[in-house]
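Quick notes on the structure that follows.
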2 protein chains.
Amino acid sequence: MAETAGLDRQICFSLYAASRAVTGLYRQALGELGLTYPQYLVLLVLWQRGEISVGDLGAALALDSGTLSPLLKRLEAHGLVDRSRGAADERTVLVRPTAAGLELRERATGLPDRLASAIGLAPAEFRQLQDLLDRVRAAATSHPL
Amino acid sequence: MAETAGLDRQICFSLYAASRAVTGLYRQALGELGLTYPQYLVLLVLWQRGEISVGDLGAALALDSGTLSPLLKRLEAHGLVDRSRGAADERTVLVRPTAAGLELRERATGLPDRLASAIGLAPAEFRQLQDLLDRVRAAATSHPL
DNA sequence: CGCGATTTGATTGTGCACAATCAAACGTGG
DNA sequence: CCACGTTTGATTGTGCACAATCAAATCGCG
């Protein structure tokens with residue numbers, strides 16, 4: 001045989017398709033807030049940590065500066081974040097939410113629960129899925145193949 | 001309280017991050033073949049189904065023409081696929097692999113197994129993960145939120 | 001101090017994703 | 001036959017992702 005397996009047997013496609021489907025669900029909800037999904041993830045970090053450097057933000061989200069720099073400029077243009085050079089190290093850029101950026105937090109509070117109920121897994125299944133995904137991610141990022 | 005949950009508690013981020021991590025693993029392996037990950041998915045379908053219309057391809061991969069049209073042109077420019085208008089219906093475009101496109105299948109045979117072992121889940125866990133992902137995808141695509 | 005190596009973020013270029021719009025081809029009722 | 005609505009793919013525009021490269025700031029070591 002040695003036939004290449006079809007799409008239906010490839011875990012990678014299930015992962016890829018599920019990720020895009022869930023992002024699409026967020027797209028609808030976030031559209032009301034004027035945010036994209038990666039922008040929402042950045043704000044999640046800022047709401048939790050307050051001021052943070054671009055580097056630490058990239059480490060938290062596993063995104064590099066080529067993705068974050070223009071994204072942060074768009075958030076700044078929309079008045080949701082401030083950016084400034086660090087006082088101690090002039091190379092670092094510190095990002096923090098503005099008042100408008102903090103206000104969005106209230107409007108986004110119900111979002112994770114709405115999404116979770118739309119997906120409709122049992123709580124135990126959610127935990128199981130997250131555990132498996134985190135292990136996959138850890139293996140994929142450490143193993144250079 | 002009513003605090004927005006952090007990144008670590010959001011299943012959506014685990015899904016998003018795991019998907020990008022696995023895609024990154026494929027990126028290394030596919031680089032030797034001169035393919036991107038979505039291009040590889042298109043070829044998987046073509047290897048299995050032979051000739052197929054752009055519409056059916058989009059349905060199989062859940063991708064629209066705005067993504068597939070330029071992607072297929074790049075594959076055509078690399079000599080891996082042919083494109084032609086359908087005889088019965090001049091609106092449809094039929095895509096099929098060239099000889100070079102079919103040869104790549106041999107070079108890609110070991111790939112899913114190599115990736116699976118790099119990820120390192122037990123077979124039962126793989127099945128479990130795929131089941132959960134497919135259910136998430138089904139719920140996310142049917143529920144309009 | 002001074003100079004090479006490192007760190008940090010920005011820039012550039014390619015390639016997805018997806019919404020919105022468009023034009024050509026098809027199909028059907030009158 | 002023909003006008004109208006539908007289907008099919010292409011095009012356009014915005015916004016991620018990521019590799020590669022760059023410049024400025026900092027650090028380390030002699």
Side-chain angles (χ1 to χ4, degrees), chain A residues 13 16-28 30-31 34-43 52-59 61-78 80-81 83-95 140-141 144, chain B residues 13 16-28 30-31 34-43 52-59 61-78 80-81 83-95 140-141 144:
Chain A
F13 178 69
Y16 169 74
S19 178
R20 283 190 299 121
V22 171
T23 301
L25 221 49
Y26 267 93
R27 196 190 325 284
Q28 303 175 52
L30 291 172
L35 293 176
T36 66
Y37 181 65
Q39 288 169 4
Y40 168 70
L41 292 180
V42 164
L43 287 179
I52 190 175
S53 72
V54 173
D56 288 347
L57 192 54
L61 298 171
L63 292 171
D64 69 5
S65 66
T67 300
L68 286 178
S69 285
L71 188 157
L72 291 171
K73 285 185 181 178
R74 282 186 286 272
L75 285 180
E76 187 180 36
H78 283 62
L80 299 176
V81 307
R83 295 189 310 140
S84 60
R85 291 281 168 183
D89 189 334
E90 277 284 335
R91 292 170 304 182
T92 68
V93 169
L94 300 176
V95 185
T141 50
Chain B
F13 178 69
Y16 168 75
S19 179
R20 285 191 297 122
V22 171
T23 301
L25 221 49
Y26 267 93
R27 196 190 326 283
Q28 303 176 51
L30 291 171
L35 294 175
T36 66
Y37 181 65
Q39 288 169 4
Y40 167 70
L41 291 180
V42 165
L43 287 178
I52 189 175
S53 70
V54 174
D56 288 347
L57 193 54
L61 298 172
L63 291 172
D64 70 5
S65 66
T67 300
L68 286 178
S69 286
L71 188 156
L72 291 170
K73 285 186 181 178
R74 280 187 287 271
L75 285 179
E76 187 181 36
H78 283 57
L80 299 176
V81 308
R83 294 189 311 140
S84 60
R85 291 280 167 184
D89 188 335
E90 278 284 336
R91 291 170 303 183
T92 67
V93 170
L94 299 175
V95 186
T141 50

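All chains are named by letter (A, B, ...) in the order of the sequence lines, taking the proteins before the strands, and each is independently numbered beginning at 1.
- Side-chain atoms of A/V54 lie closest to C/dG9 of the nucleotides C/dG9, C/dC18, D/dA17.
- Between B/R83 and the phosphate of D/dA10, there is a side-chain N or O to OP1/OP2 separation shorter than 4.0 Å.
- Protein atom CD of A/E90 is 12 Å distant from nucleotide atom P of D/dC27, rounded to whole Å.
- Distance check, rounded to the nearest 0.5 Å: OG1 of B/T36 to CZ of B/R74 gives 7.5 Å.
- Put simply, the side chain of A/L72 reaches to within 4.5 Å of the side chain of A/L57, judged on heavy atoms.
- At whole-Å resolution of the value, CG in A/L68 and P in C/dT8 are 15 Å apart.
- When rounded to the nearest whole Å, the span between CZ of A/R91 and C1' of C/dT6 equals 8 Å.
- With rounding to whole Å, B/L57 atom CG is found 12 Å from D/dG9 atom C1'.
- Rounded to whole angstrom, the span from the CG atom of B/L80 across to the P atom of C/dG15 amounts to 13 Å.
- Nearest heavy atoms, A/S19 versus B/Y16: OG-CA, 3.8 Å.
- Regarding contacts with the backbone of D/dC16, every side-chain N or O of A/R27 stays at 4.0 angstrom or more from both OP1 and OP2.
- Between B/R85 atom CZ and C/dA24 atom P there is a gap of 11 Å when expressed in whole angstrom units.
- Closest to the A/L63 side chain, of the nucleotides C/dC16, D/dC18, D/dC16, is D/dC18.
- Using a 4.0 Å heavy-atom cutoff across all strands shown, A/G66 reaches at least one base atom of the nucleic acid.
- Residue B/T92 is in sugar-phosphate contact alone, with no base atom involved, counting any heavy-atom pair closer than 4.0 Å across all strands shown.
- Note: B/Y37 and B/Y26 have tilted aromatic rings, judged against thresholds of 30 and 60 degrees for the angle between ring planes.
- Place A/S65 and A/Y37 on DNA chain D by their nearest nucleotides, and A/Y37 ends up nearer the 5' end.
- Checking A/D56 against B/A88, the closest nucleotide of DNA chain C that is more toward the 5' end is the one next to A/D56.
- Under 4.0 angstrom from either OP1 or OP2 of D/dG9 there lies no side-chain N or O belonging to B/S69.
- Under a 3.5 Å cut-off, the side chain of B/D64 and the backbone N or O of B/T67 do form a donor-acceptor pair.
- Residue B/T23 is out of contact with every strand shown, counting any heavy-atom pair closer than 4.0 Å.
- Nearest approach of A/L63 to A/L68, heavy atoms of both residues: O-CD1, 3.9 Å.
- The side chain of A/Y16 contributes no N or O atom lying less than 4.0 Å from OP1 or OP2 of C/dC16.
- One atom, CD of A/Q39, and another, P of D/dG15, lie 8 Å apart when rounded to the nearest Å.
- Residue A/K73 places at least one side-chain N or O closer than 4.0 Å to OP1 or OP2 of C/dT11.
- Residue contacts shown for A/D64 include a base, since a base heavy atom lies under 4.0 Å away.
- Among the protein residues, B/L71 comes within range of the sugar-phosphate backbone only, with heavy atoms under 4.0 Å from sugar or phosphate atoms but none that close to a base.
- At whole-Å resolution of the value, CG in A/L72 and P in C/dA10 are 8 Å apart.
- Phosphate contact (OP1/OP2 of D/dC16, side-chain N/O of A/T67, threshold under 4.0 Å): absent.
- The side chain of B/R74 places no N or O atom within less than 4.0 Å of a non-bridging phosphate oxygen (OP1 or OP2) of C/dT14.
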